[in-house]
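Each chain gets a letter, A, B and so on, in the order the sequences are listed, and its residues count up from 1.
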Number of protein chains: 2
Amino acid sequence: MSRIPAPERRRALVEAALRVVSQRGIAQATTRAIVAEAGMSLASFHYAFESRDELIDELITTVVAREQEAVLPEFVPGGGLAGILEAGLVRYIEHLKADPEHEQAMLELTQYALRSPERHPLAVQQYERYAELAERSLERAAELAGATWRVPVAQVARVLVAFTDGLTFTWLVDRDDAAARAVAHAAADALSRMADAP
Amino acid sequence: MSRIPAPERRRALVEAALRVVSQRGIAQATTRAIVAEAGMSLASFHYAFESRDELIDELITTVVAREQEAVLPEFVPGGGLAGILEAGLVRYIEHLKADPEHEQAMLELTQYALRSPERHPLAVQQYERYAELAERSLERAAELAGATWRVPVAQVARVLVAFTDGLTFTWLVDRDDAAARAVAHAAADALSRMADAP
DNA sequence: GTGCGACTGGGACGCTCGTCCCACTTCGGT
DNA sequence: ACCGAAGTGGGACGAGCGTCCCAGTCGCAC
């Protein structure tokens with residue numbers, strides 16, 4: 001094995017861990033499985049990280065920080081605010097269908113963090129980040145539609161996050177695209193009513 | 001230990017397993033933890049069950065079959081359909097707050113089932129059951145409000161399940177009651193628009 | 001009361017887990 | 001050229017896991 005400085009190795013291990021969690025679940029993300037995925041020896045793991053817990057924590061923070069605005073809204077001519085929001089959610093569904101394992105991994109990491117008191121803040125952070133991204137999308141959508149939010153955007157954002165979560169979870173179970181679109185439609189409808197049209 | 005016939009022991013073990021999963025998560029629900037919770041010896045476990053997997057499967061089916069219509073709607077004078085639905089969802093929030101660990105356990109069991117191909121059908125069954133319960137609640141709500149569903153109720157039910165799931169998951173993370181009520185309000189609003197008032 | 005099948009308890013098995021140790025190799029600065 | 005620090009590899013550790021075995025004990029039918 002070629003020599004790799006520790007910080008770079010940390011990054012490689014985090015990436016490998018994400019792949020293992022996505023493909024096999026967090027319970028199967030053992031030090032040995034991660035190291036095998038990264039093509040390293042077991043000793044390298046504990047040279048780069050104090051413990052498995054330290055890696056999992058870094059995995060969560062890394063992956064949350066990297067989260068993109070997946071549902072950045074685009075203008076839909078004639079659709080109004082509801083149409084723009086629905087189009088955004090439909091695009092999220094496409095993203096979900098393209099990489100279901102990633103979203104499943106996110107959900108699993110959240111639930112994992114929820115189980116230990118010292119990791120709970122990580123889950124809260126994760127959802128604050130989601131809310132932040134949702135907020136930006138909602139502001140952009142209102143701007144495109146020429147509408148203004150009647151309710152504080154931060155509050156609307158939390159509703160959007162909850163709707164997206166439910167959409168994701170149920171789709172992961174039943175893989176029913178039509179049902180997901182129905183949820184997207186209903187959610188967009190509900191959200192749009194929290195704004196005033198110009 | 002007094003002598004207990006195997007079928008009864010199975011039931012006791014399933015109950016103990018549910019308590020362990022609720023309190024400590026499915027990863028910690030080891031055979032030893034479960035028998036300790038049930039106050040039995042380890043050998044009794046494999047006298048009643050072939051394997052841990054068999055118990056987990058039975059735990060999931062048991063707990064799904066037992067699921068109640070938690071959000072059975074009541075008439076809310078002057079509220080209309082949206083009001084009735086929102087009241088039902090608010091009652092679900094109360095139920096969630098009263099026993100968060102149980103709902104968390106449900107979510108965990110679903111995600112666990114999602115991870116192995118032979119268990120995936122259990123998760124699907126679980127959500128079919130949820131949809132069925134949601135359907136009955138929606139029919140009852142429409143009846144109380146004197147409204148009729150414009151969209152097939154089964155389809156509305158899936159949207160309700162998704163909304164409830166999102167509500168549950170996000171509340172488990174942030175424990176924000178106000179945000180949960182906002183989601184309930186928006187969800188009820190969206191659902192009520194899938195029906196025609198009389 | 002006696003026999004047999006149902007049930008019990010303790011201990012042990014083989015395996016995998018996270019972690020650690022230590023001899024070894026490589027690299028950059030002098 | 002060399003020396004100390006940085007990085008590597010294999011093997012081992014103790015603990016915990018699911019599962020199994022087996023000698024023992026109970027209760028019911030006869």
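A residue-by-residue look at B:L42 and B:P7 shows that B:P7 has its nearest nucleotide of DNA chain C further toward the 5' end. Nearest-nucleotide mapping onto DNA chain C: of A:Q28 and B:Y47, the residue sitting toward the 5' end is B:Y47.
Between A:R3 and C:dC27 there is no side-chain N or O to OP1 or OP2 distance below 4.0 Å. Dashed line: the shortest gap from a side-chain N or O of B:H46 to OP1 or OP2 of D:dC20 is not under 4.0 Å. For D:dG18, the OP1/OP2 oxygens have a side-chain nitrogen or oxygen of B:T31 closer than 4.0 Å.
Within the nucleic acid shown, A:T30 comes within 4.0 Å of sugar-phosphate atoms alone, with no base atom in reach, counting heavy atoms only.
A:E143 meets the side-chain hydrogen bond (donor to acceptor under 3.5 Å, both in side chains) test with no other residue; sequence neighbours excluded.
Using a 3.5 Å distance cut-off with no hydrogens or angles, the side chains of A:T110 and A:Q126 do pair a donor with an acceptor.
Separating the CD1 atom of B:I56 from the C1' atom of D:dC17 is a distance of 14 Å, rounded to the nearest angstrom. Nucleotide C:dC7 holds its C1' atom 15 Å from the CZ atom of B:R10, rounded to whole Å. Atom pair B:R24:CZ and D:dG16:C1' shows a separation of 14 Å (rounding to whole Å applied). Rounded to a whole Å, the CG atom of A:L13 is 13 Å from the C1' atom of D:dT8. At whole-Å resolution of the value, CD in B:E8 and P in C:dC7 are 10 Å apart. With rounding to whole Å, A:E50 atom CD is found 9 Å from C:dT19 atom P. Atom C1' of nucleotide D:dG18 and atom CG of B:D57 are separated by 15 Å, given to the nearest angstrom. Note: CZ (A:F45) to C1' (C:dC17) measures 12 Å, nearest angstrom.
Electrostatic pairing of B:R10 and B:E58 counts as a salt bridge here, judged by a charged N lying under 4.0 Å from a carboxylate O. At a threshold of 4.0 Å, the pair A:R136-A:E139 does not count as salt-bridged, since none of the basic side-chain nitrogens sits closer than that to a carboxylate oxygen.
Side chain B:R32 to base D:dG18: a donor-acceptor pair is found below 3.5 Å. With hydrogens and angles ignored, no donor-acceptor pair under 3.5 angstrom links the side chain of A:R9 to the base of D:dG7.
Candidate nucleotides D:dT19, D:dT8, C:dG10 were compared by shortest atom distance to the side chain of B:R52, and D:dT19 ranks first.
Residues B:Q111 and B:L107 are not in side-chain contact: their nearest non-hydrogen atoms beyond the backbone lie 4.5 Å or more apart.
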